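Structure first, commentary second.
Source: prediction; values computed, not measured.
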Amino acid sequence: MDYQATLGLAAPLAVGLAAIGSGLGIGKAVGSAMEAMGRQPEAAGKIQTAMIIGAAFIEALTIYVFIVFILASGKLG
């Protein structure tokens, strides 16, 4: 298996794994935030802000992998 075939196989798999991990991470974070808001409704604003910031950081990792995929796709010839 040559370099380009390996890169052509690995790059989409990396994006898929990143998307799965990001989806699981966001699901866990949002689920935990919803439980916390249910237990302490008076702190819902603070919890929601922290949840949104956390979700943005989690989603940013997927975007970084997608950018690397785009850059790697340019080397596939």
Side-chain angles (χ1 to χ4, degrees):
M1 189 177 280
D2 64 342
Y3 168 73
Q4 289 184 343
T6 304
L7 187 60
L9 180 65
L13 285 175
V15 173
L17 288 173
I20 290 171
S22 177
L24 290 173
I26 288 175
K28 175 87 173 154
V30 171
S32 297
M34 292 297 131
E35 288 177 7
M37 282 190 249
R39 279 183 272 142
Q40 295 180 334
E42 66 275 0
K46 290 181 181 178
I47 294 169
Q48 187 176 14
T49 302
M51 177 194 70
I52 290 171
I53 291 171
F57 284 134
I58 293 169
E59 193 63 34
L61 293 175
T62 304
I63 293 170
Y64 292 149
V65 171
F66 187 66
I67 290 170
V68 169
F69 171 73
I70 290 171
L71 294 174
S73 295
K75 297 195 182 278
L76 288 177

Next on the checklist: I need the Leu13 CG to Phe69 CZ distance, nearest 0.5 Å.
Outcome noted: 10.0 Å
Next on the checklist: Same cluster or not: Ile52 versus Met37, using hydrophobic residues (I, L, V, M, F, W, Y) connected whenever any side-chain heavy atoms lie under 4.5 Å apart?
Outcome noted: yes
Checklist entry - So, for Ala29 and Met51, which heavy atoms are closest and what is the spacing to 0.1 Å? => result O-CG, 4.4 Å
Item to check | Point-to-point distance, once rounded to the nearest 0.5 Å, from OH of Tyr3 to CG of Leu7 | outcome: 5.0 Å
Next on the checklist: Using every non-hydrogen atom in the two residues, find where Ala55 and Ile26 come nearest and quote the distance to one decimal.
Outcome noted: O-CD1, 4.1 Å
Item to check | Backbone of Ala18 reached by a side-chain donor or acceptor of Ser22 within 3.5 Å | outcome: no
Next on the checklist: To the closest 0.5 Å, what do you measure between OG1 (Thr62) and CD1 (Ile67)?
Outcome noted: 11.0 Å
Next on the checklist: To the nearest 0.5 Å, what is the distance between CE on Met34 and CD on Gln48?
Outcome noted: 6.5 Å
Item to check | Side chain proximity check, Thr6 to Asp2, heavy atoms < 4.5 angstrom | outcome: no
Next on the checklist: Between Phe57 and Leu24, is there shared hydrophobic-cluster membership here, with clusters defined by ILVMFWY side-chain heavy atoms closer than 4.5 Å?
Outcome noted: no
Checklist entry - Which distance, rounded to the nearest 0.5 Å, do you find between the CD1 of Ile47 and the CD of Glu42? => result 8.0 Å
Checklist outcome for this item: Shortest non-hydrogen pair, Pro41 vs Gly38, comes out as CD-O, 4.0 Å
Item to check | Same cluster (ILVMFWY, side-chain, under 4.5 Å), Val65 and Ile20 | outcome: no
